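This one's a predicted model, so the numbers in the text were calculated from it and none came from an experiment.
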Amino acid sequence: MPIVRFLSVVHLLFVAGVVAADPPGLRRSDVVFMYDNPKMIEPYGCTVLGWAGSSDPKRVEAAHQKGVRLFSSSVGFLTEFSSVIDFSPDFLDAACRNFAGEPFVVPWLWDHKHKGHPAYWWCTNSPLYRKYLESRIERIMKGPLDGLHIDDYRGTSGAVTWLSACFCRYCMDGFRKYLADSVPKEKLAALGIKDPSTFDYRQFLLDRGVKPEEYNRKRAGLPLAAEFLDFQVKANNQYVAEYRKRAEQLRGKALALCVNSGVTDPHGLVIAPQLTYFCCEVGHNAASRKVPLHPIYAYKLGDGVDRPVASTASGQDWAYVKEHNLPGLVRTWIALSYAFGHHFMAPHRQWCYTQEKGTHWYDGPTDEYAWLYQFVRRNGRLFDDYRAVAPVAVLYDNAARRKGLGNIEPICAALAERNVPFTIVVAGDDWLDYRLDANRLAKFRALVVAADFARSPIDNAQKKLVEQIKASGRLVVWPDDESLARLIPPPIQVEGAKDIMAVARVHAKATAAPAVVHLLNRRHDGEKDAIVPAEQFRLRLRGDLFEGRKFTKAVMHAPKSESTQLDVSTNQDGTVVSIPRLELWGVVELAE
């Protein structure tokens, strides 16, 4: 690809060589830690250290002996500002430069200083900064690690759309090589660019009268704005891929790679093909004091790109939880993640952030949370290898999202609230290396697309597949409730209770294994920080939900409760299960 050529000039650190074995991944019953805490491994049943683990061999081996099978250490692409300052007296050569030509700081680290210097945003295209990152990976890979985590993996590319970056000499050099390789000469000539090898993008914009104070406001409409973002995103993604290869060469084995990514936007999702799993911050809107729907979108996108999501809440969320003491709300976040087949990292220690206080910390009480994770560990057989039942697919269109079109988050939220089982299928583009598959699409009874799908710049091959679905009568343009109900009569109904979310899952390998339905009670009293129990209701499952299976036994498994037999009846219409009481969360095990 053309990008390889210009990156090789902009200081690629690595040589060829890939460890052939597949890296280890996550299991549905894993308990993931964000931060290393040896005293909490056993109380929580931790099996994965996903983020800021020590690389000290003794500490890693001690964790392995306590049951941690996947231990990662982290490199921060933005947060290690003090170490870079200590690394070289020329540290400002590693700093990003805005359109005014000035270095700038990481906004959420405004309260940090080192040797009188602020927390500069470092440029991942800078040879000096890459030399520093090389030294970091050399140090941590001396430990017996199983994985690598990269915090703020977007590096320089993460500042492009809102911090007028980066216009340092290395980015300008990389961009001119990108233009020469990737942009038609006719387009460049129309802009007056005769020789890309001498082109300076910043000077080009200055010559057109763009002023530093107005660059951010005008950026999206400026000449070559899309190409500049494309350059930065692809340059960064390739660097992450090479960084992983270097780590594996040093370690001498395949490693799990996870990153802190927003997941739910094109820039956050684009790294998925390089990853083993996402280990990231996802907004949970703690201030609403309600069970959030946004994380469901993140989890479903994780399913769409076949990557587990180990999430935590945002720093603002944790600051709110700490200030108002809301462990009950956090427990709903934990249950939500596992019900949808993913993970919420154990909250024994969490970063908090507000503009007023800056960085501070929440130390989650063990007795408030550990029992939920232990419930998952005890019932791992009902989590591992289970996948969502999904007769409905919702189309995520990356090319559309990059244009501000195709927002399917409201669709996902509505389907989840209605208890319509669904998954996401991904239509990728030159950023995201996923493509729609005709054989897979044929298995869905309905494909739901956003209302503005007709305006999507999706490529012709994938568009043709969608048109074939339309010709078969299985396309639903949201919000066409009539067509959706015709194609998919309500597969799951909860009768006699409100705000109960039901998530059906089946074993991906053993067709005779029990089916499960996760029941999540969303009636959270925000003032009391407590769940309002649901009592004496029925769970009605259509016969075709589980491909005609006839269930005769049902058992409810719930945290802090003994497993209980449930009354169940099955006829030609399906299965009805009577639920006497539901606190926060229960897993109904269905057997034939």
Looking at [Y], is its backbone amide N or carbonyl O close enough to the side chain of [X] to form a donor-acceptor pair, meaning the two atoms are under 3.5 Å apart?
X      : Y      : value
Asp452 : Arg455 : no
Arg549 : Glu592 : no
Asn379 : Leu382 : no
Arg307 : Leu275 : yes
Ser288 : Asn285 : yes
Asp303 : Ile424 : no
Asp30  : Arg27  : yes
Arg505 : Val516 : no
Thr276 : Gly25  : no
Arg377 : Leu372 : no

Do [X] and [Y] come within less than 4.5 Å of each other through their side chains, counting heavy atoms only?
X      : Y      : result
Tyr396 : Leu432 : yes
Phe175 : Phe199 : yes
Thr264 : His294 : yes
Trp108 : Leu78  : yes
Asn125 : Cys166 : no

Any carboxylate oxygen within less than 4.0 angstrom of a Lys/Arg side-chain nitrogen, looking at [X] and [Y]?
X      : Y      : value
Asp146 : Arg251 : no
Asp230 : Lys234 : yes
Arg154 : Asp265 : yes
Arg381 : Glu589 : yes
Arg486 : Asp480 : no
Glu242 : Lys245 : yes

Return the [atom1] to [atom2] distance between [X] and [Y], rounded to the nearest 0.5 Å.
X      : Y      : atom1 : atom2 : result
Asn439 : Leu436 : CG    : CG    : 12.5 Å
Trp51  : Thr312 : CH2   : OG1   : 7.5 Å
Ser261 : Ile150 : OG    : CD1   : 11.5 Å
Leu229 : Gln232 : CG    : CD    : 8.0 Å
Ile334 : Trp585 : CD1   : CH2   : 9.0 Å
Glu281 : Met345 : CD    : CE    : 8.0 Å

*Check against side-chain contact (heavy atoms from CB on, under 4.5 Å), Val282 and Tyr297*: CA-CA 10 Å; Val282 174; Tyr297 182 43; over 6 Å; no

_Between Ser311 and His342: side-chain donor-acceptor atoms closer than 3.5 Å_ = no

*Side-chain donor-acceptor contact under 3.5 Å, Ser456 with Asp397*: yes

*Which of these passes ring-ring contact (aromatic ring centres under 6.0 Å, His included) with His343: Tyr277, Phe33, Tyr338?*
Tyr338

Distance-only check: which donor-acceptor pairs under 3.5 Å involve side-chain atoms of residues 217-227, not counting sequence neighbours?
{"from": "Lys218", "atom 1": "NZ", "to": "Glu214", "atom 2": "OE1", "distance (Å)": "3.4"}
{"from": "Lys218", "atom 1": "NZ", "to": "Glu214", "atom 2": "OE2", "distance (Å)": "3.4"}
{"from": "Glu227", "atom 1": "OE2", "to": "Lys187", "atom 2": "NZ", "distance (Å)": "2.4"}

Look at the rings of [X] and [Y] and say which category their plane angle falls in: under 30° parallel, 30 to 60° tilted, over 60° perpendicular.
X      : Y      : value
Tyr201 : Phe228 : tilted
Trp121 : Trp162 : perpendicular
Tyr243 : Phe77  : perpendicular
Trp333 : His284 : tilted

*For Tyr386, which residues count as a ring-ring contact (aromatic ring centres under 6.0 Å, His included) partner, sequence neighbours excluded?*
His507

*Please walk me through it: do Leu49 and Leu70 pass side-chain contact (heavy atoms from CB on, under 4.5 Å)?*
CA-CA 6 Å; Leu49 196 290; Leu70 179 55; over 6 Å; no

